[in-house]
Protein chains: 2
Amino acid sequence: MVAGPLPAPSGPGKDRLRLWIRLLRATRTIEAELRERLKKEFDTTLPRFDVLAALYRVPEGMLMSDLSRFLLVSNGNVTGIVDRLVSEGLVARARRNGDRRTSMVRLTEEGTKSFATIAAAHEGWIGELLGKVSEEDARRLTGMLTSFRSNWEGRE
Amino acid sequence: MVAGPLPAPSGPGKDRLRLWIRLLRATRTIEAELRERLKKEFDTTLPRFDVLAALYRVPEGMLMSDLSRFLLVSNGNVTGIVDRLVSEGLVARARRNGDRRTSMVRLTEEGTKSFATIAAAHEGWIGELLGKVSEEDARRLTGMLTSFRSNWEGRE
DNA sequence: ACATAAAACTTTAAGCTTGAAATATCTTAC
DNA sequence: GTAAGATATTTCAAGCTTAAAGTTTTATGT
């Protein structure tokens, strides 16, 4: 998967395989760096940050299943992360009258402040880590990935 | 992190942030699909496949620390994955005369055969999943990611 | 109304992941 | 030759991750 300096493969489809390998390595490298900085600077993790970021956009809150879908992770996974965020006081579960199976998850005031701080640093890090990508390349690449994504929407 | 349809952010550095979010979402989507297929079709996992792929390139074997560096994961992580591959008979540890701290890890015959089969399917899946990316775009994107990567070499 | 199905969520078991501490071996400096 | 440090690896605790099974609540069909 994360193959690197291979005896360059060739043949049909090899260009896409190579692209995938590069994509994966680049993503993992950046992810590792972000994870490390989140830990060192804010004593938190990427999954927690992801959840906070998702909730920050929606003051009224989200259902667990919305979070799961949005973050592309399993239901049970979200349960654990939200549990920890609740115990840290950054997030709150609110029972709903209409449907007692569900609860709205939203940021607490502390969670909102905390996320704002971390997000500012995060944006700076990304600017630094992707610094060598020109703005033009960034937009072009984003475009390619977007069209790729639309090819995938509603797959499962 | 995996933010999606946000009220599109704007300002300096926002293009790179958006690029990162897209990159991460695309990678995770493909990764999830590969993981699922590896499980369903071959009853294995992505990390195991990564290790087999790394070893396949080097018949004489690799040290644990080489594997760790190459795969961009921690030392302790590799220990666990290799342990499981050994117990499955796909990989073998060989003590070395020179340095008794280290051992060479290499594919067994069964491991080699197993990987060849899985890798063929894997390449097909990538061709399918990235099918909408033209060969030309694939090469261009790969180029961008490569220059990005060289910006990162020898960071840590 | 009542059984059945569907939906939202949690729990569980197994495996992946990291950073830090512990072991064992080798190298270097005196 | 021996102490001190460097290397290679494993172990450990905590957390992330998934798929599958379980629980509770709501919706549907008759």
Side-chain angles (χ1 to χ4, degrees), chain A residues 1-2 27-29 31-52 61-88 93-105 156, chain B residues 1-2 24 27-29 31-52 61-88 91 93-105 156:
Chain A
M1 219 81 234
V2 185
T27 304
R28 286 190 183 177
T29 302
E31 241 182 326
E33 186 68 25
L34 292 177
R35 209 181 307 122
E36 194 179 327
R37 294 186 186 194
L38 283 173
K39 173 80 175 179
K40 285 225 158 75
E41 315 258 336
F42 298 106
D43 192 31
T44 190
T45 68
L46 211 41
R48 280 166 164 90
F49 180 79
D50 286 349
V51 169
L52 297 183
M62 295 175 81
L63 300 180
M64 294 297 280
S65 43
D66 293 338
L67 270 172
S68 167
R69 247 187 310 278
F70 183 72
L71 297 176
L72 307 176
V73 301
S74 69
N75 262 339
N77 190 352
V78 175
T79 297
I81 298 168
V82 167
D83 282 352
R84 278 169 222 115
L85 288 173
V86 167
S87 79
E88 291 170 9
R93 278 186 175 95
R95 264 279 139 65
R96 291 205 305 169
N97 299 356
D99 187 335
R100 277 182 308 182
R101 290 170 303 181
T102 66
S103 51
M104 271 309 216
V105 183
E156 48 281 302
Chain B
M1 216 82 239
V2 185
L24 196 47
T27 304
R28 286 190 183 176
T29 302
E31 243 183 325
E33 185 67 25
L34 292 177
R35 208 181 307 121
E36 194 179 327
R37 295 187 185 193
L38 282 173
K39 172 82 176 176
K40 285 226 157 74
E41 313 258 335
F42 297 105
D43 191 32
T44 190
T45 67
L46 210 43
R48 280 165 163 92
F49 180 78
D50 286 349
V51 168
L52 296 184
M62 294 175 82
L63 300 180
M64 295 297 281
S65 41
D66 292 337
L67 271 172
S68 167
R69 248 188 308 279
F70 183 71
L71 297 175
L72 306 176
V73 300
S74 69
N75 262 338
N77 192 351
V78 175
T79 297
I81 299 168
V82 167
D83 282 352
R84 278 169 223 115
L85 288 173
V86 167
S87 79
E88 290 169 11
V91 146
R93 279 186 174 94
R95 264 279 139 63
R96 293 203 305 167
N97 298 355
D99 188 335
R100 278 180 308 182
R101 290 170 303 181
T102 66
S103 51
M104 271 311 216
V105 183
E156 52 285 302

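FYI, side chains are in, hydrogens and waters are out, and symmetry mates aren't considered; it's all heavy atoms of this structure. Chain A is the first sequence line, chain B the second, and so forth, proteins listed ahead of strands; every chain is numbered from 1.
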Between dT18(D) (C1') and R48(B) (CZ): distance, integer Å: 13 Å

N or O in side chain of R100(A) less than 4.0 angstrom from dT26(D) OP1/OP2: yes

Heavy-atom protein contacts under 4.0 Å, nucleotides 8-14 of chain C, coded B base, S sugar-phosphate only, - none: SBBB---

Side-chain ion pair, D43(B) and R48(B), N-O less than 4.0 Å: no

Nearest heavy-atom neighbours spanning T102(B) and R95(B): O-NE, 3.8 Å

Any donor-acceptor pair under 3.5 Å from S103(A) side chain to A94(A) backbone: no

Spacing of L34(A) atom CG relative to dT18(C) atom P, expressed in whole Å: 14 Å

Spacing between I81(A) atom CD1 and dA14(D) atom P, to the nearest angstrom: 18 Å

Whole-Å distance separating the CG atom of L46(A) from the C1' atom of dT17(C): 12 Å

d(CZ, R35(A); P, dG15(D)) in whole Å: 16 Å

Side-chain heavy atoms of E31(B) within contact of T27(A), under 4.5 Å: no

Non-hydrogen atoms of S65(A) and N75(A) that approach each other most closely: CA-OD1, 4.0 Å

Separation of atom CG in L72(B) from atom C1' in dT18(C), rounded to whole Å: 14 Å

R95(B) CZ - dT10(D) P separation (whole Å): 8 Å

Most 5' of N97(A) and S74(A) on DNA chain D, judged by nearest nucleotide: S74(A)

Sugar-phosphate, base or nothing in reach of R96(A), heavy atoms under 4.0 Å: nothing

Candidate pair L85(B) and E88(B), rule side-chain contact (heavy atoms from CB on, under 4.5 Å), full reasoning: CA-CA 5 Å; L85(B) 288 173; E88(B) 290 169 11; 4.0 Å; yes

